[in-house]
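Computed over heavy atoms, backbone and side chain alike; hydrogens, waters and symmetry mates excluded. By convention in this document, chain letters (A, B, ...) are assigned in the order of the sequence lines, proteins followed by strands, and residues within each chain are numbered from 1. Nothing here was measured: the structure is a model prediction, and the numbers come from that model.
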Amino acid sequence: MNLNDEDLIRRVVEDGDQRAYAQLVRRYQSQLRFSLRQLCDGDQGLADDMAQEAFIKAYKALPAFRGDARFSTWLYRIAYNLVMSHKRKNAPEVDQEAVDRAQSDQSVEEAQQLGMARDLNSAMGELSDAQRQAVHLCMQRGFSHEEAASIMKLPLGTVKSHVNRARAKLQTLLQAWREEVVSG
Amino acid sequence: MVVKDGVISPSGSNDPDFDTWLSQQLQFNEPHLDDDGFCERVMADLPPAPAKRSERRATRYQYAAVVAASAIVCWQFPLDEVLAQAAQQSISLYSLVGVAVLSSLVAMTGGIFAARR
């Protein structure tokens with residue numbers, strides 16, 4: 001049975017139903033882990049650890065979740081806070097080995113990708129970290145600007161500005177692909 | 001500046017549908033990450049589930065029922081007669097009160113245990 005997030009959360013909080021929470025974890029694990037991999041500069045191990053910690057923290061705080069925001073927004077906010085706090089604490093210590101390993105994996109994957117995906121990745125690489133995160137949250141994850149601002153803990157205007165600048169840059173870089181699609 | 005197949009060329013024009021197209025491309029190119037034991041690891045590290053709300057409510061009702069029953073018993077208890085008898089038979093009032101309090105505690109504890117089972 002496919003229950004929506006609200007029903008699953010109600011089951012967890014009111015009935016202590018951990019299977020309902022497992023369903024939420026399965027629903028969001030791929031998206032969250034993928035997002036955190038980008039945020040952790042490709043360190044997949046760290047991203048998965050952070051995602052795991054975020055799910056556990058969210059579970060503990062679930063009785064206090066008032067439902068003002070979507071569960072996914074709330075979960076992303078927890079995860080982003082964890083990663084940012086980890087980055088602040090461990091700024092000088094970058095697991096270069098893990099990053100290199102991830103990058104070499106990525107290179108193999110990239111070689112298998114079609115030109116569009118490769119150029120899209122390359123264009124995303126041209127953006128600043130903040131611009132990339134804003135585009136990822138708003139255009140890939142479908143969060144509103146307000147939700148993205150709340151997740152990134154940035155003023156709404158700043159997020160809008162990041163998205164606009166990133167959009168302009170990507171539009172320029174990917175125009176040839178877009179024209180090809182339009183012209184068929 | 002435009003990149004296509006790794007080749008850089010001059011830029012193109014604005015496109016009103018660009019956001020939709022870009023969202024589609026970003027989502028289409030995102031791989032689905034297999035669970036690969038991730039969910040099990042999360043579930044294994046969760047703290048034990050708290051008691052169900054219905055169970056907590058039932059427990060509260062049980063306590064309330066025991067307290068109410070004890071109150072009725074106390075209310076029905078012929079305290080005046082017992083005190084008069086105690087005075088006549090010169091039983092120490094303090095020991096009588098002590099025995100009464102202890103008996104009540106034992107009865108209530110027994111009642112709570114019985115109700116919880």
A/L156 and A/I151: same hydrophobic cluster, using ILVMFWY side-chain contacts below 4.5 Å? no
Separation between CZ of A/F55 and CE of B/M43, rounded to the nearest 0.5 Å: 10.5 Å
Report the C-alpha separation of B/L26 and A/H136 in whole Å, then their side-chain angles, then the decisive distance to 0.1 Å, and conclude whether the side chain to side chain contact (heavy atoms under 4.5 Å, CB included) test is met. CA-CA 8 Å; B/L26 286 168; A/H136 174 73; over 6 Å; no
Less than 4.5 Å to any heavy atom of chain B: does that hold for the side chain of A/A22, its backbone, both, or neither? both
Have B/E30 and A/Q140 got a donor and an acceptor in their side chains that come within less than 3.5 Å? yes
Side chain, backbone, both or neither of A/A51 within contact of chain B (heavy atoms, under 4.5 Å): both
Of the listed A/R26, A/R33, A/Q31, A/E53, the one with the largest count of heavy-atom pairs under 4.5 Å with chain B is A/R33
For side chain to side chain contact (heavy atoms under 4.5 Å, CB included), just list the numbers for B/D35 and A/V25, CA-CA rounded to whole Å, side-chain angles, deciding distance to a tenth of an Å, and then say yes or no. CA-CA 9 Å; B/D35 184 282; A/V25 175; 5.5 Å; no
SG of B/C39 to OH of A/Y28, rounded to nearest 0.5 Å, is 14.5 Å
Are more than 12 heavy atoms from other residues, nucleotides or ligands located less than 6.0 Å from atom CZ of A/R19? no
Point-to-point distance, once rounded to the nearest 0.5 Å, from CG of A/D48 to CZ of B/R41: 6.5 Å
Hey, does A/R37 have a side-chain heavy atom less than 4.5 Å from the side chain of B/L33? yes
A/Q171 side-chain N/O to B/D19 backbone N/O, donor-acceptor pair under 3.5 Å: no
pair A/S30-B/F38: side-chain heavy atoms closer than 4.5 Å: no
Is there side-chain contact between A/K60 and B/P47, with at least one heavy-atom pair below 4.5 Å? yes
A/I56 versus chain B, the contacting section by heavy-atom distance below 4.5 Å: both
Out of curiosity, does B/V42 fall in the hydrophobic cluster containing A/V83 (side-chain heavy atoms, cut-off under 4.5 Å, transitive links)? yes
Any donor-acceptor pair under 3.5 Å linking the side chain of B/S23 with the backbone of A/M139? yes
Would you kindly check if the NZ (Lys) or CZ (Arg) of A/R167 is within the cone defined by 45 degrees around the ring axis of B/F18 and under 6.0 Å from the six-membered ring centre? no
